[in-house]
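Following: one structure in structure tokens, then a few remarks.
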Amino acid sequence: MTNKTSDKLPDATPIIIGAGQYVERLNTQSTPPFTAPMALAANAGKAALRDAGLPAEDIDTIAVIRLFSDTVQVWSSALGGSNNPPESVARRIGASPQHRIYSDASGTEPLRVMAELLGDIARGEKTVALLTGAEAIASQRFAERNGFTDDWREDYDTPFDNRKHRAPLVSMEEIHGGLTMPVRSYAVIENYQAQRMGHNLQQHQRYMAQLMAPFSAVAAANPHAYFPAAYSVPDLVQPGPHNYAISLPYSKRLVAQDGVNLASALVLTSVGHARHRGIDPGQWVFLQAYAEGVDTLLSQRIDPGRSQAMERVLSTAMDRAGVSASEMDLIDIYSCFPSAVTAACEVLDLPTDGSRDLTVTGGLPYFGGPGNNYSTHALAEMAVRLRGQPSRALVTANGGILSKHAAAVLTSDPACASAIDWHDSDGLVVDCSDIPTRAIAANPASGKVLSYTLVTRRDKADIAIVLAETDTGERFVASSTEPAITGAVASSSPIGRGISVAKQEQRLLFHFQRT
């Protein structure tokens, strides 16, 4: 980058000028008080402000990514929490923002809110924004396991934009069928992908390990990673006390780990304000391209191993950037589960054999999966690494069950700073309303298995779950805890087998048909 080039940029051009991350690892001797999530977020915010060279007084907007504990009941915290997370951060860093935002829930929210704030800055509606997020699930669970008490409650009456989670990304039919946790649904996606690749279980377990082992190597070298350890392919394949089966074909080391204490933050402003504050143009990072979109329910997708919304969003982002993914200098693919990485790589034509890095952090299983906030870490890492010579980076994100998708192309090249029309924010959303779907069967009597998973529970009977299709093409999800059936599913893939179905209250129970 040259000063001569950056001098030509309009003052309204939005930029990223600061990034910060914070990690707080527990040990077996840890005792209360434990650091609350918004205290972690404030630590990351302070680091981002130091990096930017701006005082907290400049901030007119604080946006916080929604905590898992405020997203779904299963993650609720007995330690309490803040009733106004943006205000909790503001008070800790010494800011008095005019705008306080608490985001919706999704892994795409860091990208989506960043794009929103950059657009607001470009239109002169905001001047300096702090985007931050955190999770302290490691401390929360540690306290609960060890009988510790602590008080993370904070109560403020300051008004804020509380964007409560609204859109269900799983149907009641899927829930009644046993798809009550993301790991189960992604396992169904994974097994469909494995069938399409012609893999048996052992072959696909090795494929997943070869895909994810390079992620762990990146995490091992990342000082901000919560689990900085490199795993070999055999490490990820071999079952054991620390790599136990969860939902076939997944074991613990292959899936996102949310038991972390992690925080990250970005500082966003305009070129005009950066000039006013004397911030080196070499520190400016631009959003060259962005796209987002939402898919239909997993059980209704024509191809359960893919997301057509993902295909549209990623392709649109690449088209808007005018480059291919292979031309990116840096990439971070959202990696909650291997099937999500595979699906993205298929769209982007990226290798899955470890021949190029697909992450800058280490990914959600090894860097850590801090709830909805993971991609803020990816963005923060990119913002720092892009400084210097003109280069480009791709960050992808997804939420739900390959449901919500977002992709951002960042660049340090000022020649690409005006690629987005910030007065057409609706243009950043990709229309996915016409994606074809399969109908849901109301009262199926029989069908054929499309995909499946076997949930292994340490304190309860295993449960076999199938996604199936009737002769007329309608979909349904059914389950069984009968040992003969779960044993059969454990020994060989049931994909393609005929099943009979009976309804028990709201659940569909299945048996294999005799061949």
Side-chain angles (χ1 to χ4, degrees), residues 65 103-119 167 169-170 182 185-186 189 193 286-298 300-328 330-350 352 358-359 363-364 372 374-376 378-379 382 392-411 416 419-422 424-437:
I65 301 302
S103 83
D104 194 353
S106 173
T108 57
E109 281 298 281
L111 273 65
R112 198 202 62 73
V113 176
M114 177 192 68
E116 174 191 334
L117 294 174
L118 290 172
L169 302 175
V170 182
S185 298
Y186 278 93
I189 296 171
Q193 291 176 347
F286 311 93
L287 182 60
Q288 181 179 356
Y290 176 80
E292 65 178 80
V294 181
D295 210 332
T296 187
L297 298 168
L298 168 61
Q300 293 186 291
R301 294 174 196 161
I302 303 297
D303 183 340
R306 294 187 171 99
S307 164
Q308 289 194 42
M310 172 187 270
E311 294 170 5
R312 293 186 185 189
V313 166
L314 299 186
S315 298
T316 298
M318 293 297 94
D319 289 345
R320 288 172 175 172
V323 293
S324 67
S326 63
E327 296 175 273
M328 291 290 152
L330 299 166
I331 294 176
D332 197 87
I333 301 295
Y334 200 83
S335 54
C336 50
F337 300 95
S339 56
V341 180
T342 296
C345 288
E346 287 180 351
V347 176
L348 297 168
D349 196 24
L350 290 171
T352 57
L358 300 176
T359 181
L364 285 85
N372 299 308
Y374 166 78
S375 289
T376 312
L379 293 168
M382 294 299 192
R392 282 185 292 245
L394 170 65
V395 177
T396 75
N398 65 259
I401 312 303
L402 282 188
S403 308
K404 292 185 176 182
H405 300 279
V409 176
L410 304 177
T411 181
C416 301
I420 295 176
D421 179 2
W422 293 109
D424 180 25
S425 57
D426 290 342
L428 302 179
V429 180
V430 178
D431 183 10
C432 299
S433 61
D434 62 342
I435 291 175
T437 61

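Numbers here simply count residues along the sequence, with the first being 1. No hydrogens, no waters, no symmetry mates; every other heavy atom, side chains included, goes into these values.
- At a threshold of 4.5 Å between non-hydrogen side-chain atoms, the residues C432 and V294 do not count as touching.
- Within 6.0 Å of atom CG in D424, more than 12 heavy atoms from other residues, nucleotides or ligands are found, so the atom counts as buried in its surroundings.
- The minimum heavy-atom distance linking V409 with A321 is given by the pair CG2-CB, 4.0 Å.
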Report task. Check the pair E109 / S106 against side chain to side chain donor-acceptor pair (under 3.5 Å), numbers first and verdict last. Result -> CA-CA 5 Å; E109 281 298 281; S106 173; 5.5 Å; no
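- A side-chain donor-acceptor contact under 3.5 Å links E327 to the backbone of S324.
- Contact of the C416 side chain with the F286 side chain is not registered, since no non-hydrogen atoms from C-beta on lie closer than 4.5 Å.
- Using a distance-only test at 3.5 Å, with no hydrogens or angles considered, a donor-acceptor pair links the side chain of Q193 to the main chain of G305.
- Using modelled atom types, one side-chain atom of D295 and one backbone atom of Q308 make a donor-acceptor pair closer than 3.5 Å.
- Within the 4.5 Å cutoff, no side-chain heavy atoms of T437 are placed close to those of L297.
- Distance SG/C336 to OH/Y374: 10.5 Å, rounded to 0.5 Å.
- Annotation: side chain of L410 is in contact with side chain of L287 (closest heavy-atom distance under 4.5 Å).
- Shown here for T108 and N398, the closest heavy-atom pair between the two residues is CG2-CA, 3.6 Å.
- Here the shortest heavy-atom pairing between T376 and P110 reads OG1-CB, 3.2 Å.
- Looking at heavy atoms from C-beta onward, M382 lies in side-chain contact with D332 at the 4.5 angstrom threshold.
- Separating the CZ atom in R312 from the CD1 atom in I435 is a distance of 4.5 Å, to the nearest 0.5 Å.
- Between A408 and L111, the shortest heavy-atom contact is N-CD2, 3.8 Å.
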Requested in this report: Dump the intermediate steps for side chain to side chain contact (heavy atoms under 4.5 Å, CB included) on I333 and L350, then the final yes or no.
Outcome: CA-CA 10 Å; I333 301 295; L350 290 171; 4.3 Å; yes
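- Taking every heavy atom of both residues into account, I302 and P436 meet most closely at CG1-O, 3.7 Å.
- Annotation: the span from S339 atom OG to R306 atom CZ amounts to 13.0 Å, rounded to 0.5 Å.
- Formation of a donor-acceptor pair under 3.5 Å by the R320 side chain with backbone atoms of Y290 is found in this model.
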Query raised in the report: Under the side chain to side chain contact (heavy atoms under 4.5 Å, CB included) criterion, do C345 and L358 qualify, and how do the steps go?
Result: CA-CA 9 Å; C345 288; L358 300 176; 3.7 Å; yes
Report task. Go through L394 and L348 one step at a time and tell me if the side chain to side chain contact (heavy atoms under 4.5 Å, CB included) criterion holds. Result -> CA-CA 11 Å; L394 170 65; L348 297 168; 3.8 Å; yes
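- Residues M318 and M328 have side chains in contact (heavy-atom distance under 4.5 Å, counting atoms from C-beta outward).
- The minimum heavy-atom distance linking G400 with L169 is given by the pair CA-CD1, 3.4 Å.
- Partners of S185 by side-chain contact (heavy atoms from CB on, under 4.5 Å), not counting sequence neighbours, listed by chain and number: L179, L298, I401.
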Query raised in the report: Going through the checks in order, is the side chain to side chain contact (heavy atoms under 4.5 Å, CB included) test met by R112 and D104?
Result: CA-CA 10 Å; R112 198 202 62 73; D104 194 353; 5.6 Å; no
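- Counting heavy atoms from C-beta outward, H405 and T396 have side chains that stay 4.5 Å or more apart.
- Partners of Y186 under the ring pair (Phe, Tyr, Trp, His ring centres under 6.0 Å) rule, at least two apart in sequence or in another chain, are F337.
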